[in-house]
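Read the structure below first, then the notes.
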2 protein chains.
Amino acid sequence: MSKKEALTRAAAELLWERGYTGTSPAMILERAHAGQGSMYHHFSGKAELAAAAMEHMSDQLRSRTEDALAGEESAVARVHAFLDLERDPLAGCRMGRLAQDYEIVADDGLRVTTADFFTWLGDRLSAVLAEGVRAGEFRPDTDPDVMASLIMATVQGGYVLARAHQDPAAFRRAVAGAKQVVASLVVSSGQG
Amino acid sequence: MSKKEALTRAAAELLWERGYTGTSPAMILERAHAGQGSMYHHFSGKAELAAAAMEHMSDQLRSRTEDALAGEESAVARVHAFLDLERDPLAGCRMGRLAQDYEIVADDGLRVTTADFFTWLGDRLSAVLAEGVRAGEFRPDTDPDVMASLIMATVQGGYVLARAHQDPAAFRRAVAGAKQVVASLVVSSGQG
DNA sequence: GTCTATATAACGATAGAC
DNA sequence: GTCTATCGTTATATAGAC
C-alpha cells in the first residue's frame with residue numbers, strides 16, 4: 001500500500017471517529033506510519049487529504065447501499081434491506097457526522113461530498129419507492145421523495161440518538177419505526 | 001448581566017455554532033467580553049463552562065417543546081405543533097449536534113446532558129401519543145415509544161440533511177414525512 | 001517520495017496583580 | 001471578581017536533506 005493510500009485510509013478512519021475539526025494531521029501521520037513530507041507531497045494540506053478520504057468513504061457507502069437496493073426482490077424488501085444494513089450506531093454515519101462539523105460546512109469543497117452522497121441516496125431510495133408505486137405494491141398516494149427523505153432522516157437521526165444515549169437500541173427503535181411506516185404503505189397489508 | 005452569565009450565554013451560542021471541539025475558551029471570552037480570570041474563577045475550565053451552557057440550552061429547548069406539547073388540543077395537533085416549531089435547519093439542533101462531537105461523547109458528564117434531554121423528549125412525545133391512543137384518536141396498534149423515536153430521529157436527521165445540502169427544504173421534507181405518518185395513525189382519517 | 005527539523009499561531013490552563 | 005501576563009503543548013504548514 002502506498003503512503004498516499006495509507007494516508008487516505010487513516011484519514012478516513014479518523015474522520016469517522018473524531019470528525020474533521022477533531023482530527024489533526026499529526027494523528028493521521030501516526031496512524032498511517034508516515035512523515036510530514038509524505039502528506040504534504042501528496043496533498044496540499046489537511047483539507048485536501050480529508051476530501052480524498054471523504055470520496056473514499058462515499059464510494060464505500062454507495063457500494064454497500066447499492067447491494068441492498070438493487071436486486072429482484074419487491075420494493076418493500078429492498079427498502080427494508082437498506083434499513084437493515086449492518087451499521088455501528090455508536091460510531092455514527094461517515095457522511096452524516098461530517099455534515100454536522102462546522103469546518104466541513106464552511107468549506108464548500110468538503111461539504112459538497114456529503115451533499116452529493118445524500119442526493120444520490122435520496123434519488124436511489126425515491127426510485128425504488130416509485131417502482132413500488134408503479135407496480136401497485138405501495139399505495140398510489142405514496143410520495144416517493146418525501147418517504148425517501150423520511151427514511152434517510154430516520155437513519156441519520158437514529159445515529160444521533162444512539163450516540164447521545166450511548167445505546168444502539170435507540171438507533172434500532174428509530175429504524176424499527178421507519179420499517180413499520182414503509183410496511184404500512186404496502187397495499188396488500190391492508191393499512192393495518 | 002454578570003460575567004458568569006455572559007460567559008454561559010456566549011458558550012451556548014458558540015457550542016451551537018461550532019460544536020465543542022470547534023469552540024475555544026478564547027472565542028468564548030471574546031464574545032462574552034471577559035478575561036481569562038473570569039472564566040477560571042467561575043468554572044474549572046472549558047468542560048465545566050460547556051456543561052453549564054448545555055444545561056442552559058437544554059432548559060430552553062424543554063420550555064419551547066413543552067409549549068407545543070402541552071395544551072388542550074388533540075394529540076395529533078400537539079405532535080404536529082412540535083414538528084412545526086420554529087427551527088433553524090442550517091444551524092442544527094443544540095443538543096443533537098453536540099451528541100455527534102467526539103469529545104462530548106468521550107466525557108460522560110457532558111454527554112449525559114444530551115442523553116437526559118432526549119430521554120425527556122422521548123418520554124413526553126410517547127406520553128402524548130399514548131394519550132391519543134387511549135382517547136381513541138390514534139389506531140390502537142400504535143406503539144408510542146417507537147413512534148416517539150421515529151419523530152425525534154426525523155427531526156434530528158432532517159437537520160443533518162439540511163446541513164449537508166445547505167438547504168432548509170431538506171429539513172422540511174423530512175418533517176413533512178413525519179407529519180404524514182402521524183396523520184396516518186389517526187383513526188378518523190381512515191388510514192387513507 | 002519520504003523523512004526530520006523547524007516556524008508560527010492557537011489551545012487550554014495557571015499565576016498573580018488589582 | 002476581574003484583569004493581563006505567561007506557560008507548556010499542540011495544530012498546521014514549510015524547509016530542506018536524502
Side-chain angles (χ1 to χ4, degrees), chain A residues 1-54 56 97-98 100-111 113, chain B residues 1-54 56 97-98 100-111 113:
Chain A
M1 182 164 50
S2 70
K3 288 290 179 187
K4 182 173 183 178
E5 196 181 339
L7 286 163
T8 306
R9 285 172 190 262
E13 285 178 19
L14 283 160
L15 288 176
W16 191 20
E17 292 169 19
R18 320 203 29 145
Y20 181 80
T21 303
T23 297
S24 71
M27 291 177 201
I28 299 170
L29 298 175
E30 185 185 355
R31 189 168 300 201
H33 304 294
Q36 299 266 69
S38 293
M39 173 176 157
Y40 287 102
H41 174 75
H42 293 292
F43 305 97
S44 65
K46 176 183 175 181
E48 198 173 293
L49 172 51
M54 287 172 70
H56 179 68
R97 266 199 71 187
L98 293 174
Q100 298 289 80
D101 195 303
Y102 176 87
E103 292 183 80
I104 293 281
V105 171
D107 182 335
D108 246 47
L110 295 175
R111 179 188 62 76
T113 302
Chain B
M1 182 163 53
S2 69
K3 289 288 180 189
K4 182 173 183 177
E5 195 180 341
L7 285 163
T8 306
R9 285 172 190 263
E13 285 178 19
L14 283 160
L15 288 175
W16 190 20
E17 292 169 19
R18 317 203 30 145
Y20 181 80
T21 303
T23 297
S24 70
M27 291 177 199
I28 299 169
L29 297 175
E30 185 185 356
R31 191 169 298 202
H33 304 293
Q36 300 266 69
S38 293
M39 174 177 155
Y40 287 101
H41 174 76
H42 293 293
F43 305 96
S44 65
K46 178 183 174 182
E48 197 173 295
L49 172 51
M54 287 173 70
H56 179 67
R97 266 199 70 188
L98 293 174
Q100 299 289 79
D101 196 303
Y102 176 88
E103 293 184 79
I104 294 281
V105 170
D107 182 336
D108 246 49
L110 296 175
R111 180 189 60 77
T113 302

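The basis for the numbers below is simple: all heavy atoms, side chains too, and nothing from hydrogens, waters or symmetry mates. A, B, ... follow the sequence lines: proteins, then strands. Residue 1 opens every chain.
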>> Looking at dC3(C), I'd like to know if its phosphate oxygens (OP1 or OP2) sit under 4.0 Å from a side-chain N or O belonging to Ser38(A).
In response: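 Yes, Ser38(A) has a side-chain N/O under 4.0 Å of OP1/OP2 on dC3(C).
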> Lys4(A) side chain N/O closer than 4.0 Å to the phosphate oxygens (OP1, OP2) of dT2(C)?
Replying inline: no
Any chance you could measure [X], atom [atom1], to [Y], atom [atom2], to the nearest 0.5 Å?
{"X": "Leu15(A)", "Y": "Arg97(A)", "atom1": "CG", "atom2": "CZ", "answer": "9.5 Å"}
{"X": "His56(A)", "Y": "Thr113(A)", "atom1": "NE2", "atom2": "OG1", "answer": "13.5 Å"}
{"X": "Arg9(A)", "Y": "Met1(A)", "atom1": "CZ", "atom2": "CE", "answer": "5.5 Å"}

>> Quick one, Glu5(B) with Ser2(B), criterion side chain to side chain contact (heavy atoms under 4.5 Å, CB included). Give me CA distance, side-chain angles, the key distance, then yes/no.
In response: CA-CA 5 Å; Glu5(B) 195 180 341; Ser2(B) 69; 3.5 Å; yes
Between [atom2] on [N] and [atom1] on [X], what's the gap in Å once rounded to a whole number?
{"X": "Phe43(A)", "N": "dT14(D)", "atom1": "CZ", "atom2": "P", "value": "16 Å"}
{"X": "Leu7(B)", "N": "dG12(C)", "atom1": "CG", "atom2": "P", "value": "15 Å"}
{"X": "Glu48(A)", "N": "dT12(D)", "atom1": "CD", "atom2": "C1'", "value": "15 Å"}
{"X": "Leu49(B)", "N": "dC11(C)", "atom1": "CG", "atom2": "P", "value": "15 Å"}
{"X": "His42(B)", "N": "dC3(D)", "atom1": "NE2", "atom2": "C1'", "value": "12 Å"}

> So what does Thr23(A) touch, heavy atoms closer than 4.0 Å: a base, only the sugar-phosphate, or nothing?
Replying inline: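 Sugar-phosphate contact only.
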> If you look at every strand shown and take non-hydrogen atoms under 4.0 Å, does Ser24(B) touch a base, only sugar-phosphate, or nothing?
Replying inline: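 Sugar-phosphate contact only.
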> Where along nucleotides 13-18 of chain C does protein come under 4.0 Å, by heavy atom, of base (B) or sugar-phosphate alone (S), with - for untouched nucleotides?
Replying inline: BB----
> Can you check side chain to side chain contact (heavy atoms under 4.5 Å, CB included) on Leu7(B) and Leu29(B), steps first, answer last?
Replying inline: CA-CA 7 Å; Leu7(B) 285 163; Leu29(B) 297 175; 3.8 Å; yes
> Going by the salt bridge (Lys or Arg N to Asp or Glu O under 4.0 Å) test, which pairs reach into residues 20-37 of chain A, not counting sequence neighbours?
Replying inline: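 Applying salt bridge (Lys or Arg N to Asp or Glu O under 4.0 Å) to every pair that reaches into residues 20-37 of chain A, excluding sequence neighbours, yields Glu13(A)-Arg31(A), Glu17(A)-Arg31(A).
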> Relative to Tyr40(B), does Lys46(B) satisfy both conditions: NZ or CZ under 6.0 angstrom from the six-membered ring centre, and within 45 degrees of the ring's axis?
Replying inline: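 Here Lys46(B) fails the 6.0 Å and 45° test against Tyr40(B).
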>> Looking only at the side chain of His41(B) (C-beta and beyond, no hydrogens), which of the listed nucleotides dG1(D), dA11(D), dG1(C) gets closest?
In response: dG1(D)
> Under the side chain to side chain contact (heavy atoms under 4.5 Å, CB included) criterion, do Phe43(B) and Lys4(B) qualify, and how do the steps go?
Replying inline: CA-CA 9 Å; Phe43(B) 305 96; Lys4(B) 182 173 183 177; 3.9 Å; yes
> Got a sec? Which of residues 26-34 of chain A come in under 4.0 Å of DNA chain C, heavy atoms?
Replying inline: His33(A), Ala34(A)
>> Does atom OH (Tyr102(A)) have a neighbourhood of more than 12 heavy atoms from anything else shown, all under 6.0 Å?
In response: no
